Amino acid sequence: MCRRRSGEDHARARRCTLSAEITAPVRRSGAALAAPRRLTALRRAAPALGLFAAARLSGMLCLAVWAWHLGRSPRALLATAWDADWYIKIAANGYGRTLYWPRGVVQSDLAFFPLYPGLMRAVTSVLPVAGGTAGLLVSWTAAGAAAWGIYAVGERLYGRRTASALVLLWGLLPHSIVLSMAYTEPVMTALAAWALWAVLERRWLWAGALAALAGLSRPNAVAVAAAVTAAATVELWRQWRTRGGPGDWRVWVAGAVAPLGWCGYVLSVGVRKGDPLGGYFAVQAAWTSRFDFGVGALRFVRKIATGPVDLGYTMALLITVAGLLLFALLLLERPPLPLLVYTAVLVLITVGGSGFFESKPRFLLPAFPLLLPLAGALTRARPGAAVVATAALAGLSFAYGTYLLTLAPMAL
C-alpha cells in the first residue's frame, strides 16, 4: 500500500492506487473524512480561480476590442450568437419553435435540453435583465463553479500545483471563449466536476443528484450518468464480495438516480413525438446530427484534406486529434474509474458523431480530465518553459476565440 505523504510527493505516491480509488476502503481518520469547510476549500482554490478569471477576462477583452473595431456589440456576440438565440427563445416562450430549411433539414428546439433555459428564466424572473444577459450571468457563474470543481478533483488526485495548472489550462483552451458565452458547457462542466468529486469522496447521494441535474443540461451529459452509475456498480460489487448482502443503500440510490435527468428528457421528447425510444434521436437526425461511429466525421476529414476550407474546420480537426492523443496519455495515467468512464464517453460521442464537425471542440470542452497529463507536465517543467508555454497558449486562445465570434462563418 502506498504511504501517505504531503504535497506533490503525496500525489505521486498515490498513483499506484488511483485506479482502485473507488473500490478500496477509505483509510483515513474520521476528521479527514469530514469535508473541509467551504470557505477553507475556497481559499485553497482562490489562486487557481483567480488565474482562471484572469484568463477569461483577458479573452473577453480581446474580443471586445476587435468587435468594437468592427462596429459590432461584444455583448450581442457573447449573449445571442448561434445556439444562445435558441435558449433565449425557449426561456421566454417555452418549447415549440421549428425551422424548416432546404434539403430536408428541420431544426426543432426540442433538441435543446431544459436546464439552462430554465435557469435563464429563473434569473429574468428575479432580475430586471434581458434573456441574453441572464444567460451570461448563468454561464459566468457556472464557469466559476466548474473551475472550482475541476480544482477540487485535481487537488484530490494530484495536489494543489497540478490542480491549479489544470484549471488554468482549461481556461486557456483555444475554444474556451465558449465558457464566456450564453452556452450550456459551463453548466454541464460544473455539475460534472462536482459529481465526479462527490464519487471520489463517496458522497453517493450528492453524486447521483448532480449527475441527474447534469443530464438535463446537454445531450452529451449522459457521460456524467455513465460515470456515476459505473462507479456505483463497481462499489456495490466490492461490498457484496467483502461484506455480503445488498450493499449500502446510498450507492444504490446514486446509481439509480444518476441517469434520470437525461433519460427523462429523452423519453419526454419521444412521447411528444409519438416514439418514446426514438423520438429524440429523430429530432437530432433532422438537425443532421446522429451517431454513426465516425463515418460522417471521416468523410468530412477527407473533405478538409482534399480542398480549401475555413480555418474553423481545420482547427476543429486539430483539436479533436489532440483530444484523442490526450486521451491515450490519460489512459497511461490510470485515472480513477469515474474520470475514465466520463472522459471516454465524451470522446466517443464527439468522435463518433456526425454533423456539425466545427462543434466537436465544444463537445470536448467538458472533458477536463484530458488536460491532466498536460497539467502534470506543466508543473514539472522549468518555470521559464512553463511561462512561455502558458503565454503561447493564451495568445492562441485569445486570438482564436476572437476569430470564432467575429470572423468565422461557421456555427459554434
Side-chain angles (χ1 to χ4, degrees), residues 4-11 14 21-22 26-58 60 115 119 122-123 126-127 134 136-172 176 179-180 185-214 217 224 227-228 250 254 336 338-339 342 366 368-369 371-372 375 378-379:
R4 290 182 58 82
R5 304 179 189 178
S6 60
E8 296 301 317
D9 288 339
H10 163 57
R14 289 187 60 202
E21 188 71 35
I22 64 164
V26 178
R27 296 179 176 88
R28 290 184 290 177
S29 66
L33 280 172
R37 292 182 179 179
R38 292 174 184 172
L39 289 179
T40 302
L42 183 57
R43 280 196 294 268
R44 287 204 310 272
L49 299 183
L51 290 173
F52 176 79
R56 294 309 331 127
L57 288 172
S58 299
M60 286 194 291
L115 178 60
L119 293 173
V123 171
V126 297
L127 295 177
L136 291 179
L137 292 175
V138 171
S139 293
W140 293 351
T141 302
W148 187 9
I150 291 170
Y151 176 88
V153 172
E155 181 189 37
R156 190 188 189 283
L157 297 177
Y158 292 93
R160 295 180 67 177
R161 290 183 61 201
T162 301
S164 297
L166 180 64
V167 172
L168 179 59
L169 289 172
W170 189 63
L172 289 177
S176 59
L179 300 175
S180 302
E185 278 72 19
V187 173
M188 173 188 161
T189 308
L191 294 168
W194 284 109
L196 294 171
W197 178 85
V199 171
L200 295 175
E201 290 288 328
R202 286 182 175 74
R203 300 188 176 196
W204 293 104
L205 297 182
W206 275 109
L210 290 169
L213 277 176
S217 64
V224 190
V228 174
R250 298 173 185 83
L339 270 69
Y342 170 72
F368 67 88
L371 300 173
L372 281 170
L378 193 63
T379 56

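Everything quoted here is computed from the prediction, not taken from an experiment.
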From CG (L205) to CG (L210), nearest 0.5 Å | 11.0 Å
Which residues pass the ring pair (Phe, Tyr, Trp, His ring centres under 6.0 Å) test with F368, sequence neighbours left out?
-> none
Residue set satisfying side chain to side chain contact (heavy atoms under 4.5 Å, CB included) with S176, at least two apart, ordered chain then number -> R56, L173, L179, S397
Residue pair L196 / V228, side-chain heavy-atom distance below 4.5 Å = no
Closest heavy-atom pair, A54 versus S58, reported as atoms and distance to 0.1 Å, is O-OG, 2.7 Å
Go through the steps to decide whether V199 and W204 satisfy the test side-chain contact (heavy atoms from CB on, under 4.5 Å), and finish with yes or no.
-> CA-CA 6 Å; V199 171; W204 293 104; 4.2 Å; yes
Minimum heavy-atom distance Y151-A45, with the two atoms named = CD2-CB, 3.5 Å
Measure the shortest side-chain to side-chain distance between I150 and T189 over non-hydrogen atoms and say whether it is less than 4.5 angstrom.
-> yes
Any side-chain heavy-atom pair from Y342 and P366 closer than 4.5 angstrom?
-> yes
Do the side chain of R161 and the main chain of T379 share a donor and acceptor less than 3.5 angstrom apart?
-> yes
Under the side-chain hydrogen bond (donor to acceptor under 3.5 Å, both in side chains) test, residues paired with S217 that sit two or more places apart = none
Sorted by chain and number, sequence neighbours left out, side chain to side chain contact (heavy atoms under 4.5 Å, CB included) with A375 holds for T162, A165, L166, L169
Between E155 and R44, what is the shortest heavy-atom contact and its length?
-> OE2-NE, 2.8 Å
Mark yes or no for whether R250, through its side chain, and R203, through its backbone, hold a donor-acceptor pair below 3.5 Å.
-> no
Using the test side chain to side chain contact (heavy atoms under 4.5 Å, CB included), find all partners of L57 that sit at least two apart in sequence or belong to another chain.
-> M60
Student check: side-chain heavy atoms of V187 and L213 closer than 4.5 Å | no
Closest heavy-atom pair and its distance - A134, V123 = CB-CG1, 3.7 Å
Partners of W170 by ring pair (Phe, Tyr, Trp, His ring centres under 6.0 Å), sequence neighbours excluded?
-> F52
Those residues at least two apart in sequence (or on a different chain) that pass side chain to side chain contact (heavy atoms under 4.5 Å, CB included) with L51 are L168
Taking all non-hydrogen atoms of both residues into account, name the closest pair between A227 and P338 and its distance.
-> CB-O, 3.3 Å
Side-chain contact test, heavy atoms from C-beta onward, threshold under 4.5 Å: evaluate it for L200 versus L157 and give yes or no.
-> yes
Looking only at heavy atoms, the pair that brings A55 and L172 closest together is CB-CD2, 3.5 Å
Side-chain touch V153/L339, heavy atoms, less than 4.5 angstrom | yes
Who pairs with W148 by ring pair (Phe, Tyr, Trp, His ring centres under 6.0 Å), at least two apart in sequence or on another chain?
-> W194
